[in-house]
Amino acid sequence: MVRQRRGHGQQERGSSERRQLHRIDEDNEPRKSRMSWLWTIVMLLLLSVAAHLTYTGYLETRVTTRFDNNKMVTKSGLEVPQRYWGSYRTGVYFGMATREPHSPVLGLMWYQPQKLIQGAQSIRHNCDQGDNLKRYGWLQHDGVNFGIQELVDGPLTLKTSFVKRGHETCAGEWTARVEAVSNVEKEQELSLIFYVATEEKAEGWIQEDSVMRFEGHTPQLGDFFVTLLNYSNVLHSSQLVTKSEGLHKLRDTVMASLKWDVLNNNKFISLGGVLLPKGDNKPNFIATQLLVRTPFTMEVVYQRDEAGSGIQSFLASQEFDIELGRHSENFQRKFEDKFQLRAKGYKQEDVVDARATFSNLLGGIGYFYGSSLVMSKYTNEPRSYWKAPLYSAVPSRSFFPRGFLWDEGFHELLVSTWDVDISLDVIAHWLDLMNIEGWIPREQILGEEARSRVPEEFVVQRNENANPPTLLLTLKYMLTTMHGSLSKEHVNTISRFWPRLQKWFSWYNVSQIGPVPGSYRWRGRSVNAIHELNPKTLTSGLDDYPRASHPTEEERHVDLTCWMAVASQTMALIADKIGQNSERYSDTFATLSDPLQMNKLFWSESMRRYADFGLHTDAVKLGRKSKNDSTFIRIVQERPRLQLVEKTFGYVSLFPLLLCLIPANSPKLGDVLNDLRKPDLLWTPYGLRSLSTTSPAYLKKNTQHDPPYWRGPIWININYLTVKALFHYSRSEGPYKELAGEIYLQLRENLVTNVLKRYRETGFVYEQYNDKTGEGQGCKPFTGWSALVVLIMAEIY
Ligand SMILES: *[C@@H]1O[C@H](CO)[C@@H](O)[C@H](O)[C@H]1NC(C)=O
Ligand SMILES: *[C@@H]1O[C@H](CO)[C@@H](O)[C@H](O)[C@H]1NC(C)=O
Ligand SMILES: *[C@@H]1O[C@H](CO)[C@@H](O)[C@H](O)[C@H]1NC(C)=O
């Protein structure tokens, strides 16, 4: 229906343009000779065509036009030496890169030769769930100086640690130590491949010095050297010096080059040697393979010859131990200082696991460079956004190793607790992705390494689509909960953000406006999604959470309206802090959070709960239209009518509570709190499920093939918002203070216990948890917002 109406509008505009042209012709006719009359027509036509083309061109290019040239990221690359090098290649098991658009990259691959030959194993490189590593992840990582990671792969346990030195004032150097031990009785053989590679576009060069030493040069780094040191138990070594088609093809390039090497009657799988196209002596990929026996250890030392005076001392062996030990101690001290878990009485093992969970979020901060593909209603096909960097914590290193807008707001609650500078830098990068309309694309797939991992249909971002503005949640948190850690400089930075924040807010306020004043509607639901039980609302972040069965423009969404209320509240807060006029925002907040209006728009008196409103029927199911059909479609068994979607109860119904918009003395708070505790609704021993067991779409597939996603499983980000709200209401005077406090304690206990228990059992923090068994499910590791369990333990809200 939406599409029909829009099509109609375009036709009208077309014909009124024609009418106008016609009138001008008539006006001119009597006064002109026949020649000049014709001439005028031609000119006018040409002019109007030109004007039309210019205007269309203007509309087409708007989507890819920057907000302005005043960048929010004021320092990048070597201007921020502390964060120059890092484990920014979050999608690989171990990889180092700089925060430079075309950084040289270093990384690790490994495999067990016997298993590779049998076809029972592939070469390990990208974090891949199919590799079935028993567990892997950072045990410690402080986001700046060092990291310690452990990976368990069948009978092997690998450890990759790195530590930086001299990076306070310049690019500095670093050393990575790679260790491998057998975790079964028998010692194991494995092949380790360490490499350096550059992108096609990178300036500079790399070359091999010897099997154990590479060197290279870039304009930013000058000359650099990578040396493999202090290795033991090496049975065979080989090298590959070649051209790869790109960073996403490194493993394929290695695979294609493998060959047999016969040495003293022994056969070894070896790398292919120098394999450069004829006449080309510029490799972009150099790898050294060591066939080793456990226990194995090796140090990879990255250095620069800054003074041109030769390398002085290696950051290796005992010196490495000392530096790593020092940073690790600082990290543990700072962790206790920030989160106070020991002081709260947590056991040592809980603290260790919380540290690892948090480290995985920090160690999951990546640096990306490239452009998204975007579309607007004025473009016929996808266009490239401008090339830009993104510094961002990724939700999952295996499954979502890239930036997501609404995830980031949750990530930054944790990151800003740790280091406000990192968080503001991350937010600045996101704000630089704003176009002239005020839109920020919600999923950032930048660069070929990232794009190679995303299915085609998710690549293109559309400029009418929003995503919850959670970066404002972070800014609110910084200005309230964390205000003690904010320096004047931090406030100045937020002050610089102001014009973009205003534009961002107004983009939401206009583009997502709802059908009646004070309401908002997510765009991007498709009326044509006939294969979906309930057309998805990807933009809300809650993908398949059931909404009105028939998307229309009459729809209004309770979650988005609440997001807008809290966004305007935050804008007012920021304005006050930086000395800007906050009135418009506080007025908007007052309107949106007005209980009378909220109740009028979203409260179901019969069910006593908040709900979306739209063209809806619960009588839908998936099935075959006729017996012969192979695919399922949605079958509507009852005429939809405009109504509240009130039989559906779940996360969306909770938003007025989650964002603390219900007055503390409202009986509706009592209703919502009482519903929270009912096991047939949302309560489970492991946290709140996303959809009540009584809802029509509970655990229903959305298509023949799509399993339920936000239709039952327990998600940690929404549970975090719930405990945060309960904490708030348990401290607000009113009749429900005690009830809120009671539920708070139980819910917090359930969440913490279950996430830690599953981590201990399986080695992973998960995307979601099963609402019947508490088991982790969805992708793993997922130490994006699921890492919020650390803030829940610390009771920092
Ligand atoms: C590691 O290598 C460095 C540099 O060659 C050397 O000084 C040091 O003694 C080595 N340490 C061990 C434990 O072999
Ligand atoms: C948001 O939009 C509403 C409705 O158009 C308007 O009344 C309000 O002033 C806007 N708020 C801000 C802060 O621009
Ligand atoms: C369904 O399949 C049967 C047997 O293959 C065929 O005779 C019939 O015409 C088909 N009906 C339709 C509606 O396609």
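Hydrogens, waters and symmetry mates are skipped; everything else that's a heavy atom, side chains included, is used. Position 1 is the first residue of the sequence, and the numbers go up from there. Just follow the structure's listing: the first ligand is 1, and inside any ligand the first atom is 1. Source: prediction; values computed, not measured.
- The ligand atoms of ligand 1 that sit less than 4.0 angstrom from a heavy atom of F314 are 4 (C).
- A cation-pi contact, defined as under 6.0 Å to the ring centre and within 45° of the axis, is absent between K164 and W85.
- The closest non-hydrogen atom to atom 8 (C) of ligand 1, taken over S232, S317, A316, comes from S317.
- Those atoms of ligand 1 with a heavy atom of N230 less than 4.0 angstrom away are 1 (C), 2 (O), 3 (C), 8 (C), 10 (C), 11 (N), 12 (C), 14 (O).
- Taking the six-membered ring for Trp and the full ring otherwise, the centers of F655 and F602 sit at least 6.0 Å from each other.
- Side-chain contact between V527 and P551 is present, with heavy atoms from C-beta onward closer than 4.5 Å.
- Between H141 and F162, a ring centre-to-centre spacing shorter than 6.0 Å is recorded.
- Ligand-side atoms of ligand 2 in range of F505: 12 (C), 13 (C), range being under 4.0 angstrom from any heavy atom.
- Ranking protein heavy atoms by distance to atom 2 (O) of ligand 2, first place goes to N509 ND2, 2.3 Å.
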Might you work through the salt bridge (Lys or Arg N to Asp or Glu O under 4.0 Å) test for E329 and R326, ending with a clear yes or no? CA-CA 5 Å; E329 256 173 50; R326 187 169 69 83; over 6 Å; no
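- Nearest protein heavy-atom neighbour of atom 14 (O) of ligand 2: R584 NH2, 3.0 Å.
- Salt-bridge check for R500 with D68: passed, with a basic side-chain N closer than 4.0 Å to an acidic carboxylate O.
- Using a 4.0 Å cut-off between a side-chain N of Lys or Arg and a carboxylate O of Asp or Glu, K600 and D594 do not qualify as a salt bridge.
- Heavy-atom proximity to atom 13 (C) of ligand 2, evaluated over D587, T591, I513, T588, is greatest for T588.
- Close contacts between ligand 2 and Y585 involve ligand atoms 13 (C) [criterion: under 4.0 Å to a heavy atom].
- The protein heavy-atom contact nearest to atom 5 (O) of ligand 1 is L229 CD2, 3.7 Å.
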